[in-house]
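Data block below; observations after.
As the structure lists them, so they are numbered: ligands from 1, and atoms in each ligand from 1. Quantities reported herein were computed from a predicted structural model and do not represent experimental measurements.
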Amino acid sequence: MGPGPSDIHPRVLSALSRPTIGHLDPAFIAMMDEIKSLLQYAFQTDNPLTIPVSAPGSAGMESCFVNLIEPGDKVIVCQNGVFGGRMRENVERCGAAAVMVANPWGKPVDPQAVEDTLKAHPDAAALAFVHAETSTGAASDTRTLCELARQYGCLSIVDAVTSLAGIELRVDQWGIDAVYSGTQKCLSCVPGISPVSFSDRATYRIKNRKSKVQSWFLDMNLVMGYWGTGGKRAYHHTAPINPLYALHEALVMLEEEGLEQSWNRHQQNHRALAAGLEAMGISFLVDEPYRLPQLNAVWIPEGVDDAAVRSTLLQDFNLEIGAGLGEYAGRVWRIGLMGYASRKQNVLQCLSALEAVLAAAGAPIYTGVAVAAANREFTST
Ligand SMILES: *Cc1c(COP(=O)(O)O)cnc(C)c1O
């Protein structure tokens, strides 16, 4: 129950052990087509350029920036946690200038600050931000931010690593131009693959660049020759065959459950966990409307030894929770309820284990009420 990788369903693990076949085998190519359309479903998009990049979420981030940004461009980057800082690194390594919109950590990106910045920089090529900040547990209003980007003639680049399958995300309806995700958060698949999707506007930009994409491996003009729509497929790199079996299975399971049902399940388990934690006297870092159901950042109670509690949870209860990052290191815990890990038994186990460890440490919490509060929340919905 950390910030990812999340637990993997046995069906996905067993898909991983299917026999490895060739990356141009007709059966494999048929599966590639299914993965693309299942990803279109997960992203809620018709974008033909919707594929899994053969590397982790960070490579999905990098593929959005290296393909869309050229030397000399200006990019507006919003930062309200760890990952916005990495976006800035990407922009600068593309030879472009990053104009930062700084928001306090734990708060969503402020649309008014973004609009002011767009107005002040009418020559900006793109607006980049994180939908679900895993470092703090805050969700930003992606729909509004993408509308602003369109209004001011910018492409939008959205980090959906933690949001995909966990909270509402509608790539086409919200007008997102480039989006990347990861497999090990709410998709509950093995780490190491990054689903990405580019709108027609973004694809046009990629096909009509003045300069070559500086990364050979991530150049979508080349990757499209392997993953491309219709036509003959040519070898570009050896796809991670077995992890893609796992991704296929995870996406089939998402389709079986239903995307909106998956969003609702994450919400419901979060509400029960929150009810239990709050009954114990533990409060959240993020204001209620912006809380991510899949990443619960909570204040560590007064006088409690952060590392000792996490290590006892791991040793005595086989339970991992995440540490705080940056200015919240040692001050908050990040409790993940992602994908297959977002289920009732985990909520109840986490509450009872945390209560046992905190009570033993003499922490100022209310005991004997958390599990009951969570159960009340489960039965009321
Ligand atoms: C996990 C994460 C990433 C990085 O993904 P990796 O698979 O670790 O490379 C990027 N952005 C966000 C918001 C994340 O949570």
According to the interplanar angle, ranging from 0 to 90°, do the rings of His236 and Trp216 count as parallel (below 30°), tilted (30 to 60°) or perpendicular (above 60°)? parallel
Trp105 vs Tyr328 aromatic rings, parallel, tilted or perpendicular, using cut-offs 30° and 60°?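 Rings of Trp105 and Tyr328: tilted, 30 to 60°.
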Around [atom], find the nearest protein heavy atom and jot down its residue, atom name and distance.
{"atom": "atom 8 (O) of ligand 1", "result": "Gln184 NE2, 3.7 Å"}
{"atom": "atom 3 (C) of ligand 1", "result": "Phe83 CE2, 3.4 Å"}
{"atom": "atom 5 (O) of ligand 1", "result": "Gly57 CA, 3.5 Å"}
{"atom": "atom 11 (N) of ligand 1", "result": "Asp159 OD2, 2.7 Å"}
{"atom": "atom 4 (C) of ligand 1", "result": "Ser58 OG, 3.7 Å"}
{"atom": "atom 14 (C) of ligand 1", "result": "Lys185 NZ, 3.0 Å"}

From Glu70 atom CD to Ser211 atom OG, the distance as rounded to the nearest 0.5 Å: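 Between atom CD of Glu70 and atom OG of Ser211 there are 3.5 Å.
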Can you tell me how far CG of Leu127 sits from SG of Cys78, rounded to the nearest 0.5 angstrom? 5.0 Å
Quick one: do Asp73 and Lys210 make a salt bridge, cutoff under 4.0 Å?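 A salt bridge is absent here (no side-chain N lies under 4.0 Å from a carboxylate O).
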Hey, is Glu257 close enough to Arg343 for a salt bridge, meaning N to O under 4.0 Å?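 Looking at Glu257 and Arg343, the cut-off is not met.
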Ala132 contact mode with ligand 1 (heavy-atom cut-off under 4.0 Å): backbone
Applying salt bridge (Lys or Arg N to Asp or Glu O under 4.0 Å) to Glu133 and Arg334, what does each step give before you reach the verdict? CA-CA 11 Å; Glu133 241 310 341; Arg334 293 179 302 146; over 6 Å; no
Within the 4.0 Å heavy-atom shell around Thr162, which atoms of ligand 1 are there?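 Result: 15 (O).
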Under 4.0 Å from a heavy atom of Thr134: give me the atoms of ligand 1 that qualify, with their elements.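 Within the 4.0 Å cut-off of Thr134, ligand 1 contributes 12 (C), 13 (C), 14 (C), 15 (O).
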